[in-house]
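Below is one structure; the comments refer to it alone.
As the structure lists them, so they are numbered: ligands from 1, and atoms in each ligand from 1.
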Amino acid sequence: MHEEYGGVVPELASRDHIRRLIPLLERVLVEAACHRSDMAAIAYTSGPGLAGALLVGASFAEALAQTLNISALPVHHLEGHLLSPLLGKSPPEFPFIALLVSGGHTQLMRVAEVGEYELLGESLDDAAGEAFDKTAKLLGLGYPGGPALAALAMKGTAGRFKLPRPMLNSGDLAFSFSGLKTAVLTIVRSRSLDEADKADLAAEFQEAVAEVLATKAIAACRKHRLSRLVVAGGVGANLRLRERLDAAMAKFGGKVFYPELELCTDNGAMIAFCGAQRLLRGMVPESRGGAFAVRPRWPLNELAQAF
Ligand code: KG4
Ligand code: ZN
């Protein structure tokens, strides 16, 4: 639906969510062999994100919770990503360093416990996923571009084109990806590229992003003396990034934890899991008589303020 526009159209998205929510709930209950009365609480994403889409989910979850007389638990989208590796077969122990790489965020965090997150560094401009999407667009690939660019990169060789490694030696844990996209644009404009050229350029772009992310993630582990690294968010599905992270972490004597591949990109299971973790710890907000709010902008270090 969004492909035609080259990106998500907020109003189309929220209208579509309204149409899909009730059939989706019914299907999920059947697949899980559960009844509505089996639900102990309802977790939903209350931010950050597009206001319209957040409101659809929030009003649906809050109304259903009121009707069933159970708690509704607002969840931070990024906290869902952060905890998603705990759903895996060999979950990491706390504390750990988390590299969160999604379409909207590139952040390194120290995770002490559920609900205790310290931001160590983030992108000053484009997120890694955004850089993948914009670069894919420059190369004439569809939307969302990340997976398409990664597939094209498999056919090419990094190093033939030379792209910068932004902020690799900045000495801090910040990132910047907008210059990389501009460097690709300069190459695209300067000559006509055939399919093999495009594949080589895609491979070099992927290599540049993977190198910067892996180097800084290891630097964060070293600085905080932690040997467990958790990778979450859509870009965490990138196989070359995984290769580089695994190699660098093995050298460092540590281990990388990934969510199951299907839980890397946005999904409801990670939000439900996050709500369940909060419920187990008694972190349930007071009943507000059905009143609720969404937070389109919501820094993760302000998590406590929502409860
Ligand atoms: O976490 P996510 O599903 O949604 C957000 O919360 O943003 O991340 C989506 C992002 C998109 O930018 C998409 O292009 C990127 O993750 N992505 C990838 C890959 N799969 C998804 N980027 C690079 N390589 C991939 N294999
Ligand atoms: Zn996400």
May I ask you to check if ligand 1 and [X] share an N or O to N or O distance below 3.5 Å?
X    : answer
G145 : no
D133 : yes
G146 : yes

Using a strict cut-off of 4.0 Å, indicate which atoms of ligand 1 neighbour a heavy atom of [X].
X    : value
G129 : 12 (O)
T265 : 3 (O)
G104 : 7 (O)

About how many Å separate [atom2] of [Y] and [atom1] of [X], when rounded to the nearest 0.5 Å?
X    : Y    : atom1 : atom2 : result
I218 : L229 : CD1   : CG    : 6.0 Å
F94  : L83  : CZ    : CG    : 6.0 Å
I187 : K198 : CD1   : NZ    : 13.5 Å
L21  : E26  : CG    : CD    : 11.0 Å

Heavy-atom nearest neighbour in the protein, as seen from [atom], with distance rounded to 0.1 Å:
atom                    : result
atom 24 (N) of ligand 1 : N238 ND2, 3.0 Å
atom 2 (P) of ligand 1  : D266 OD1, 3.4 Å
atom 21 (C) of ligand 1 : G234 O, 3.4 Å

Quiz question: by atom type and distance under 3.5 Å, do the side chains of [X] and [Y] form a donor-acceptor pair?
X    : Y    : answer
K216 : S170 : yes
S178 : D126 : no
N238 : Q206 : yes

[X]/[Y] ion pair, N-O < 4.0 Å:
X    : Y    : value
R278 : E79  : yes
E207 : R160 : no
K155 : E195 : no

Discussion item. Both conditions, 6.0 Å and 45 degrees, for the charged tip of K181 above the ring of F177: are they met here?
Written reply: no

Discussion item. Does the structure place the NZ or CZ of R242 under 6.0 Å from the centre of the six-membered ring of Y258, at an angle of no more than 45° from the ring's axis?
Written reply: yes

Worksheet item: ligand 1 versus Q206, non-hydrogen atoms closer than 4.0 Å: side chain, backbone, both, neither?
Response: neither

Practice prompt. Using a 4.0 Å heavy-atom cut-off, say whether H81 meets ligand 1 through its side chain, its backbone, both or neither.
Written response: side chain

Practice prompt. Tell me which one of G103, A153, A150 gets a heavy atom nearest to atom 7 (O) of ligand 1.
Written response: G103

Worksheet item: Quick one: does H77 get within less than 4.0 Å of ligand 1, heavy atoms only?
Response: yes

Fill in: the Zn ion (ligand 2): protein N, O or S atoms [distance under 2.8 Å]
H77 NE2, H81 NE2, D266 OD1

